Amino acid sequence: MNEPTVFIVDDDLAVARSLHWLIDTVRLRVETFSSAQAFLDGFDASKPGCLVLDVRMPGMSGLDLQERLAAQRINIPIIFITGHGDVQMAVRAVQAGAFDFVEKPFNDQDLLDRIQKAIAFNSGERDKEAQRAQLRALFAGLTPREREVLDMVVEGMSNKAVANALGLSAKTVEVHRAKVMEKMRARSVSDLVKMAMQRDAWSKL
Amino acid sequence: MNSEGDMLLLALVVLGGSLVAALTLLGVLLLRLREAERRVSEKETTHESVLDRLQENEYRLRTIIESEPECVKLQAEDGTVLEINPAGLRLVDANQAADIVGRQIYSIVAPECIDSYRENMRRVFAGEALVYEFKAITLKNRIAWMETHAAPLRDARGNIYALLGITRDITEHKQAEEQARRHQTELARVARLSTMGEMATGIAHELNQPLSAIANFSRGCIRRLRSGGMSPNELIEPLEEVCAQAERASDILRHVRDFVRKSESQLKPMDVNQIVRAVIKFTEHEARQHRTLVRLELDPHLPKVLADAIMIEQVVCNLVRNAVEAMVEANSPRREVVIHTRRFAAQAVEVEIADTGPGIDAAVIDQVFDQFFTTKREGVGMGLAISQSIIEAHGGRVRAESGRDGGAILRFTLQLSEQQAHKRERADSLHS
Ligand SMILES: Nc1ncnc2c1ncn2[C@@H]1O[C@H](COP(=O)(O)OP(=O)(O)O)[C@@H](O)[C@H]1O
Ligand SMILES: [Mg+2]
């Protein structure tokens with residue numbers, strides 16, 4: 001399930017088969033689709049990996065598919081395969097957020113390297129996304145009072161200052177603080193600070 | 001019919017130009033004269049008056065034949081030339097009758113035409129009247145194409161004893177025909193070429209498909225072989241794929257090769273008026289057949305434009321043909337195509353083709369340049385599309401509109417050739 005998959009979308013079956021045969025050599029799982037629509041209908045967005053996509057295809061083109069995926073917030077990295085003289089299309093694709101493109105006929109190592117990079121990028125993204133989800137879950141586990149305490153602690157306020165600000169006893173603040181450390185699985189205040197910074201950074205995204 | 005009547009009729013027919021009818025009559029007359037002469041001498045009928053009359057008639061007949069501007073000759077079945085008129089002597093470059101009379105006609109027929117010539121002789125002596133062409137090598141070794149109208153001559157018993165032939169030199173006509181044919185081939189090539197220009201990107205893409213498949217299959221094999229642990233059997237399938245893709249690539253190439261033979265277009269400083277005139281020479285015939293008048297209004301003081309003449313001819317040809325077709329289809333009572341050439345702004349020349357047909361429907365005027373757009377039952381819809389791509393490749397523009405009083409007006413521009421533009425610039429700066 002966690003093994004990355006290379007999704008190939010190419011209307012030319014011979015080219016799709018040849019890509020499959022080539023990518024097999026680096027022991028990556030490969031799934032091929034003969035049209036953009038077939039890909040949209042049949043692919044499992046939860047799978048990690050990357051998409052190798054022919055720019056020119058009858059019906060829905062590679063660029064159209066890219067647009068559709070973006071609209072559905074599916075962030076699979078796309079490597080476009082462009083033909084001779086498709087520079088403009090390649091530029092458009094990259095501007096629209098494509099991971100990379102290779103021009104046909106391409107060097108095999110070049111393509112495989114780019115595929116590996118795209119997969120690494122995707123898994124990095126997925127890791128980050130997982131961390132983000134985990135952190136969100138951790139923050140979500142705090143009570144409103146604990147969140148207040150946390151916000152003040154990461155701003156560098158002493159227990160006493162927090163107690164004063166919230167009209168609590170120093171003892172009570174001490175208890176809240178220990179609870180926050182435990183729930184956030186933080187070993188030190190600096191861990192907490194990092195987590196809070198990350199949360200703020202993401203919330204700005 | 002009396003002899004004089006015959007003569008008169010013969011003269012009229014000759015003047016009227018009906019060659020075959022004239023031949024037959026001529027044959028009958030000659031025959032009658034000879035028969036009469038023979039009878040007269042055989043029976044030794046010494047009626048002076050009859051003889052005189054006959055001789056007089058033969059004399060008149062000979063005068064006509066002698067002064068006939070076309071070559072008239074009599075040939076025996078074996079090819080011996082029996083008689084020939086002065087025009088005929090000139091045609092075969094003979095100085096006097098003895099150079100050719102009594103000799104074989106085959107001595108002036110080109111070797112490659114002798115077999116077909118013999119066959120035609122055989123048919124005439126079997127009773128047919130024929131028209132045939134052959135290549136001749138004259139007594140002065142001049143090569144010329146000839147056309148002969150031939151008919152059999154029969155004696156009183158109905159036996160064919162000679163071939164009567166009227167022959168003329170059609171060398172020029174042949175050459176013009178050949179030139180027109182070559183020109184047509186060239187036009188067809190350009191048509192293919194410009195269509196090809198539009199297809200070039202598509203072909204490159206098409207060719208890239210099998211090439212990348214071949215590269216991928218082969219690289220996949222090499223990688224597996226390098227890393228070991230691969231049985232030869234496993235290579236068969238991908239290698240078969242490689243072969244199939246190589247064949248696919250060569251099919252595409254063959255297709256392209258068939259499409260164009262010569263490929264480079266030649267942009268040269270050209271006289272637009274000359275291009276227009278050249279086209280009209282080739283479309284005039286068709287236009288006349290459709291009772292269409294082609295009128296030229298060419299500005300004689302136009303600077304040269306940078307153009308591939310044959311391509312621009314193709315454009316003009318398409319536009320004129322469309323105009324004629326539109327007028328024929330609409331059965332327009334007045335059919336006129338007017339071609340104007342004129343200066344257009346500082347750097348271009350404009351060619352305008354206007355007709356008196358139905359014009360172009362406002363609803364479709366934006367589509368007429370689209371590929372495969374046609375309103376004709378037998379139309380292809382490539383004429384204007386090709387014309388547009390040719391003109392745009394020349395840096396010009398082409399437009400279509402309907403004229404105020406009906407017909408369609410098609411205009412295109414061509415850039416002045418560089419030198420001309422410079423000259424003009426210099427001239428302009430001198431003036432200002
Ligand atoms: N002179 C004209 N008058 C009227 N209609 C025209 C004229 N020239 C072109 N058209 C229209 O434009 C169409 C496309 O022309 P063309 O590209 O030459 O294709 P085709 O001649 O095969 O139809 C024609 O079918 C006709 O409807
Ligand atoms: Mg046409």
Side-chain angles (χ1 to χ4, degrees), chain A residues 6-32 34-35 52-59 61-63 79-90 92-93 101-116, chain B residues 195-256 259-260 263 371-372 389 392-393:
Chain A
V6 181
F7 299 98
I8 297 171
V9 182
D10 200 316
D11 63 301
D12 192 311
L13 297 183
V15 172
R17 279 200 306 274
S18 74
L19 284 168
H20 194 160
W21 172 256
L22 178 65
I23 297 168
D24 263 350
T25 61
V26 286
R27 305 216 152 68
L28 285 169
R29 293 169 38 147
V30 177
E31 288 180 32
T32 61
S34 63
S35 74
V52 175
L53 185 55
D54 193 2
V55 190
R56 280 174 193 254
M57 278 186 293
S61 76
L63 293 175
I79 298 174
F80 274 102
I81 298 196
T82 67
H84 180 78
D86 287 338
V87 186
Q88 274 188 328
M89 284 205 212
R92 255 186 68 195
F101 70 92
V102 287
E103 193 180 328
K104 243 180 323 194
F106 41 78
N107 177 287
D108 58 325
Q109 193 58 56
D110 199 33
L111 176 70
L112 293 174
D113 287 348
R114 283 164 207 247
I115 287 176
Q116 296 288 16
Chain B
T195 318
M196 168 75 187
E198 306 198 327
M199 284 166 42
T201 334
I203 285 166
H205 180 74
E206 221 181 301
L207 203 53
N208 248 337
Q209 299 295 101
L211 290 184
S212 15
I214 288 171
N216 295 341
F217 280 122
S218 317
R219 294 288 181 187
C221 291
I222 293 171
R223 287 172 169 272
R224 284 173 176 80
L225 288 169
R226 284 236 168 88
S227 61
M230 171 171 229
S231 78
N233 270 343
E234 287 173 84
L235 286 178
I236 291 177
E237 207 181 306
L239 288 177
E240 269 170 359
E241 294 258 23
V242 167
C243 297
Q245 293 306 306
E247 271 159 29
R248 178 179 164 198
S250 77
D251 278 350
I252 296 169
L253 282 182
R254 188 167 322 120
H255 182 78
V256 174
F259 210 76
V260 257
S263 68
Q371 282 187 21
F372 306 120
S389 69
E392 284 177 359

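Please read all numbers here as calculations on a predicted model, not as lab measurements. Sequence lines set the chain letters: A, B, ... in the order given, protein chains first and strands last, and positions in each chain run from 1.
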Inset, instruction - Rounded to the nearest 0.5 Å, what's the gap from CG on B:Asn216 to NZ on A:Lys104? Could you check? - result: 10.0 Å
Inset, instruction - Any chance you could measure B:Glu237, atom CD, to A:Trp21, atom CH2, to the nearest 0.5 Å? - result: 7.5 Å
Inset, instruction - Evaluate whether atom CZ of A:Phe7 has more than 12 neighbouring non-hydrogen atoms of other residues, nucleotides or ligands under 6.0 angstrom away. - result: yes
Inset, instruction - Indicate yes or no: at least one non-hydrogen side-chain atom of A:Leu22 is less than 4.5 angstrom from one of B:Arg223. - result: yes
Inset, instruction - Starting at CG of A:Leu112, measure out to CZ of B:Arg219 and round the result to the nearest 0.5 Å. - result: 10.5 Å
Legend entry - From A:Thr25 atom OG1 to B:Leu225 atom CG, the distance as rounded to the nearest 0.5 Å: 11.5 Å
Legend entry - B:Gln209, part contacting chain A, at a heavy-atom distance under 4.5 Å: both
Legend entry - Selection from B:Ala215, B:Ser218, B:Pro238, B:Pro210 maximising heavy-atom pairs under 4.5 Å formed with chain A: B:Pro238
Inset, instruction - Write down the atom of B:Ala213, the atom of A:Ala14, and the distance for their closest heavy-atom approach. - result: CB-O, 4.1 Å
Inset, instruction - Find out whether B:Arg224 and A:Asp24 are in side-chain contact, i.e. whether some heavy atom of one side chain is under 4.5 Å from a heavy atom of the other. - result: yes
